[in-house]
Undergrad: 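The structure under discussion is supplied below as structure tokens; questions concerning it will follow.
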Amino acid sequence: MKEALTILLTVLGGLGIFLLGMKHLSEGLQAAAGNGLRKFMSRATGHRIVGVMSGIVSTIIVQSSSITTVMLVGFVSTALMTLPQAFAVLIGANIGTTATVWIIAYAPNPQMLGLVGLALGGAMYFFFRGERVHNLGLTVIGLGLVFLGLAFMAQGVMPIRQNPEIAKIFTAMSADSYWSILKIAFASTLLTAVIQSSAATIAIAMALAAQQLITYEVAIAVLFGANIGTTATGWLAAIGGTADAKRTALSHTLSNLIGSLVLVWFFPLFLKVRDVIPSQMGAIAITDTVFAICRGCIFFPLVKPFVKFIERLVPQPENEKPHLSALRFGVRLSPVIACDQALMEVDFMKASNLELLDCVRQVLSGTAGADVEKHIVHREDILDNVQKEVTEFLGSIMSKRLVHEVSERARRLLRLTDELESVSDECATILKVVKRFRRQKQQISEKSLKVILNVHDRVSAYAAEVTPLIRSPRGVIPLEKLQAESKALHEHVRECRKIQLGRIGPEDPGSSIRVLGELDIINAYERIRAYYLNCAETLAGGKR
């Protein structure tokens with residue numbers, strides 16, 4: 001019992017170290033690659049072959065098909081990539097992820113490599129300056145932990161051979177029939193879905209195979225299931241998301257499942273690799289790669305019809321709008337995609353504010369009905385929720401290690417959502433003032449209304465000028481021009497305030513209360529002007 005507990009703790013501890021290493025390795029590589037990986041994946045998809053190659057390269061870079069899948073879900077959701085393009089990249093990702101198995105198979109001394117990785121990575125991370133060096137240090141630390149985890153798992157399974165009772169559990173497993181292959185693959189699928197790493201499942205199988213506790217055939221059956229189980233990560237990223245996000249996840253799952261079920265009938269052919277490669281670890285690595293390539297060859301010529309089939313299974317709802325919560329899990333893996341999703345919400349906010357300004361003008365001019373006023377209140381509530389959602393969403397990813405460029409982008413998006421939400425608050429404030437006039441059985445004088453509508457039109461024009469710049473590169477923001485226009489608009493509002501204060505007089509006893517209400521409206525427009533100026537300065541990098 002004590003020996004069994006020691007074996008279990010050693011293997012599970014090694015698995016934990018391995019998974020922690022994969023996490024640091026992936027995060028370090030993502031941070032080192034920065035926004036370049038996102039641009040590479042989103043642009044290198046003009047042709048299916050290019051898409052497959054970009055999937056291979058990207059997955060080798062981040063050492064995880066799960067991360068690639070999550071990024072693709074985000075790209076499709078943000079319309080940076082079509083579903084056929086994403087599926088081509090997924091084919092390449094399944095091939096690229098086999099690189100991890102090659103590293104596991106041909107590591108000469110995992111324990112020594114692990115210690116060297118920790119020593120070298122720790123020195124880079126703690127004793128050198130520079131963000132890039134720190135990211136590379138984190139990558140090397142992660143790689144060291146991966147090797148160290150492999151060493152512990154190997155040490156953990158080693159005593160099993162000397163324990164007949166425990167060894168019997170593993171040696172009893174066989175893959176001598178299609179039914180037994182499917183049972184092993186199913187168990188492997190569940191394990192991979194739980195631990196969220198096909199590399200970890202395969203590493204355990206390779207450690208058992210190295211000690212001759214399971215046969216080469218059983219190890220290959222584990223590969224079949226691990227490649228299906230790894231698709232669970234895409235679903236965690238897509239649950240509650242857009243139809244395109246769900247289609248991306250479904251295409252990954254179905255292609256891996258169908259490919260595995262088709263290729264399982266050719267299982268005896270895969271076993272011939274062992275006759276060519278003397279090393280059992282090398283044979284497993286090569287079989288994994290050949291398996292991924294064969295599965296890709298099945299679906300490569302069928303990309304378009306397969307995608308059409310997926311689109312039928314997951315129809316597109318009318319007027320669907322993406323929600324940030326759809327990628328809450330996936331964002332922990334890909335902060336760049338988090339910013340893309342947040343930008344979609346900023347787009348919604350900026351368009352909503354222009355619409356609200358138009359509705360407010362209708363209210364002031366007396367042409368708005370009750371439905372328009374309800375729309376202003378309802379939309380302002382929605383934008384309050386959007387700001388809260390964006391803040392929580394980006395706050396969760398900013399708590400992890402980010403490359404400077406991504407961190408600054410997240411901060412800009414947070415500032416923009418705050419400014420844009422404040423604009424909607426001022427629109428609601430103007431509506432409240434108008435309603436207050438009604439309750440007091442007063443109305444804005446004709447002269448004052450003319451002044452207020454003039455202010456409204458100038459502020460709305462300024463808002464319409466700033467709004468399209470939210471998706472512009474920082475270098476093209478005409479900040480000096482916008483600052484000059486804002487200053488001129490500010491002076492104009494000040495003059496209008498003076499004019500309004502001058503309307504208070506003894507000839508109109510009720511003018512003071514009315515004028516104060518009119519000034520409240522003008523002051524709201526002054527604040528809206530300031531918010532849009534803040535947006536422009538934030539986009540140009542002048543405010544944080």
Side-chain angles (χ1 to χ4, degrees), residues 342-364 375-391 394 408-434 451-472 474 476-497 518-544:
L343 181 58
M344 293 182 67
E345 299 298 314
V346 171
D347 283 342
F348 171 71
M349 295 181 78
K350 72 180 187 183
S352 295
N353 281 340
L354 293 180
E355 180 186 0
L356 285 176
L357 285 171
D358 182 63
C359 291
V360 167
R361 196 185 197 287
Q362 295 178 44
V363 171
L364 290 171
H375 176 71
I376 293 174
V377 175
H378 179 62
R379 184 55 58 91
E380 194 271 332
D381 287 339
I382 290 176
L383 294 185
D384 282 345
N385 291 332
V386 169
Q387 187 207 14
K388 180 181 178 182
E389 188 177 301
V390 171
T391 302
L394 292 179
E408 285 300 304
R409 186 182 179 206
R411 293 181 190 280
R412 286 197 301 272
L413 289 169
L414 282 173
R415 181 62 188 268
L416 288 173
T417 55
D418 181 58
E419 301 294 346
L420 293 174
E421 191 277 330
S422 297
V423 171
S424 67
D425 287 343
E426 298 304 330
C427 290
T429 296
I430 294 172
L431 176 61
K432 290 176 183 177
V433 174
V434 173
V451 171
I452 291 173
L453 290 179
N454 175 263
V455 171
H456 171 94
D457 292 340
R458 292 190 61 170
V459 170
S460 294
Y462 186 70
E465 186 177 2
V466 173
T467 295
L469 300 175
I470 288 178
R471 276 192 175 269
S472 300
R474 293 175 67 187
V476 301
I477 304 297
L479 183 58
E480 292 185 3
K481 175 176 176 291
L482 292 172
Q483 287 175 330
E485 292 178 359
S486 176
K487 184 177 180 180
L489 184 53
H490 171 67
E491 294 299 327
H492 176 69
V493 172
R494 286 184 63 185
E495 289 299 317
C496 291
R497 282 173 53 85
E518 294 166 351
L519 285 174
D520 286 340
I521 295 176
I522 293 176
N523 289 336
Y525 282 115
E526 166 64 12
R527 290 189 291 269
I528 291 174
R529 174 207 61 81
Y531 295 141
Y532 276 106
L533 174 62
N534 290 340
C535 286
E537 292 178 341
T538 300
L539 292 169
K543 275 187 177 288
R544 292 187 179 182

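Residue indices begin at 1 and follow the sequence shown.
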Undergrad: Mind checking what makes salt bridge (charged side-chain N to carboxylate O under 4.0 Å, His left out) contact with R361, not counting sequence neighbours?
TA: D457
Undergrad: Kindly indicate whether the side chain of L343, heavy atoms from C-beta on, has any atom under 4.5 Å from the side chain of I470.
TA: yes
Undergrad: Which atoms form the tightest heavy-atom contact between I376 and L356, and what is the distance?
TA: CA-CD2, 3.7 Å
Undergrad: List in chain and number order the residues that pass side chain to side chain donor-acceptor pair (under 3.5 Å) with T467, two or more places apart in sequence or in another chain; answer none if no residue qualifies.
TA: none
Undergrad: Could you measure the distance from the CZ atom of R494 to the CD1 atom of I522? Nearest 0.5 Å is fine.
TA: 13.5 Å
Undergrad: Can you sort out the partners of D384 under side chain to side chain donor-acceptor pair (under 3.5 Å), two or more places apart, ordered by chain and number?
TA: none
Undergrad: With H490, which residues qualify under side chain to side chain donor-acceptor pair (under 3.5 Å), at least two apart?
TA: E526
Undergrad: So, using side chain to side chain donor-acceptor pair (under 3.5 Å) as the criterion, who are the partners of K481 when residues are at least two apart?
TA: E465, E485
Undergrad: Which value, rounded to the nearest 0.5 Å, describes the distance between L357 atom CG and I528 atom CD1?
TA: 5.5 Å
Undergrad: Working to the nearest 0.5 angstrom, can you tell me the gap between N523 CG and E518 CD?
TA: 12.0 Å
Undergrad: Once side chain to side chain contact (heavy atoms under 4.5 Å, CB included) is applied, do any residues pair with I382, and if so which ones, sequence neighbours excluded?
TA: F348, H378, R379, V386
Undergrad: For a side chain to side chain contact (heavy atoms under 4.5 Å, CB included) check, start with the C-alpha distance between Y532 and L482, then their side-chain angles and the critical distance, and finish with the verdict.
TA: CA-CA 10 Å; Y532 276 106; L482 292 172; over 6 Å; no
Undergrad: Apply side chain to side chain contact (heavy atoms under 4.5 Å, CB included) to Q362 and list each qualifying residue two or more places apart in sequence or on a separate chain.
TA: D358, T367, A368, V372
Undergrad: If the condition is salt bridge (charged side-chain N to carboxylate O under 4.0 Å, His left out), which residues does E480 pass it with, not counting sequence neighbours?
TA: none
Undergrad: Are T417 and M349 close enough, and set up right, to give a side chain to side chain contact (heavy atoms under 4.5 Å, CB included), and what steps lead you there?
TA: CA-CA 8 Å; T417 55; M349 295 181 78; 3.9 Å; yes
Undergrad: How long is the span from the OG atom in S352 to the CG atom in L383, to the nearest 0.5 Å?
TA: 5.0 Å
Undergrad: Of all residues at least two apart in sequence or in a different chain, which pass the salt bridge (charged side-chain N to carboxylate O under 4.0 Å, His left out) check with D347?
TA: K350, R471
Undergrad: Working note: R415 + E419, criterion salt bridge (Lys or Arg N to Asp or Glu O under 4.0 Å); need CA distance, chi angles, decisive distance, verdict.
TA: CA-CA 6 Å; R415 181 62 188 268; E419 301 294 346; 2.6 Å; yes
Undergrad: What is the minimum heavy-atom distance between L394 and A410, and which atoms define it?
TA: CD1-O, 3.7 Å
Undergrad: List in chain and number order the residues that pass ring-ring contact (aromatic ring centres under 6.0 Å, His included) with Y525, two or more places apart in sequence or in another chain; answer none if no residue qualifies.
TA: H456
Undergrad: Determine, stepwise, if the pair R412 / L539 fulfils side chain to side chain contact (heavy atoms under 4.5 Å, CB included).
TA: CA-CA 7 Å; R412 286 197 301 272; L539 292 169; 5.8 Å; no
Undergrad: Looking only at heavy atoms, which two atoms of V390 and L414 are closest? And how far apart?
TA: O-CD2, 4.1 Å
Undergrad: Report, one line per pair, each donor and acceptor closer than 3.5 Å where one atom sits in a side chain of residues 422-431; sequence neighbours left out.
TA:
from: S422; atom 1: OG; to: D418; atom 2: O; distance (Å): 2.9
from: S424; atom 1: OG; to: E421; atom 2: O; distance (Å): 2.5
from: E426; atom 1: OE1; to: R527; atom 2: NE; distance (Å): 3.1
from: E426; atom 1: OE1; to: R527; atom 2: NH2; distance (Å): 2.9
from: E426; atom 1: OE2; to: R527; atom 2: NE; distance (Å): 3.0
from: T429; atom 1: OG1; to: D425; atom 2: O; distance (Å): 3.0

Undergrad: Is there a side chain to side chain contact (heavy atoms under 4.5 Å, CB included) between N454 and H492 once you walk through the steps?
TA: CA-CA 10 Å; N454 175 263; H492 176 69; 2.7 Å; yes
Undergrad: Quick check for you: to the nearest 0.5 Å, what is the distance between D520 atom CG and K432 atom NZ?
TA: 12.0 Å
Undergrad: Can you measure from CZ (R529) to CG (N534) and round to the nearest 0.5 angstrom?
TA: 8.5 Å
Undergrad: Is a side-chain donor or acceptor of T391 paired with a backbone partner of Q387 at a separation under 3.5 angstrom?
TA: yes
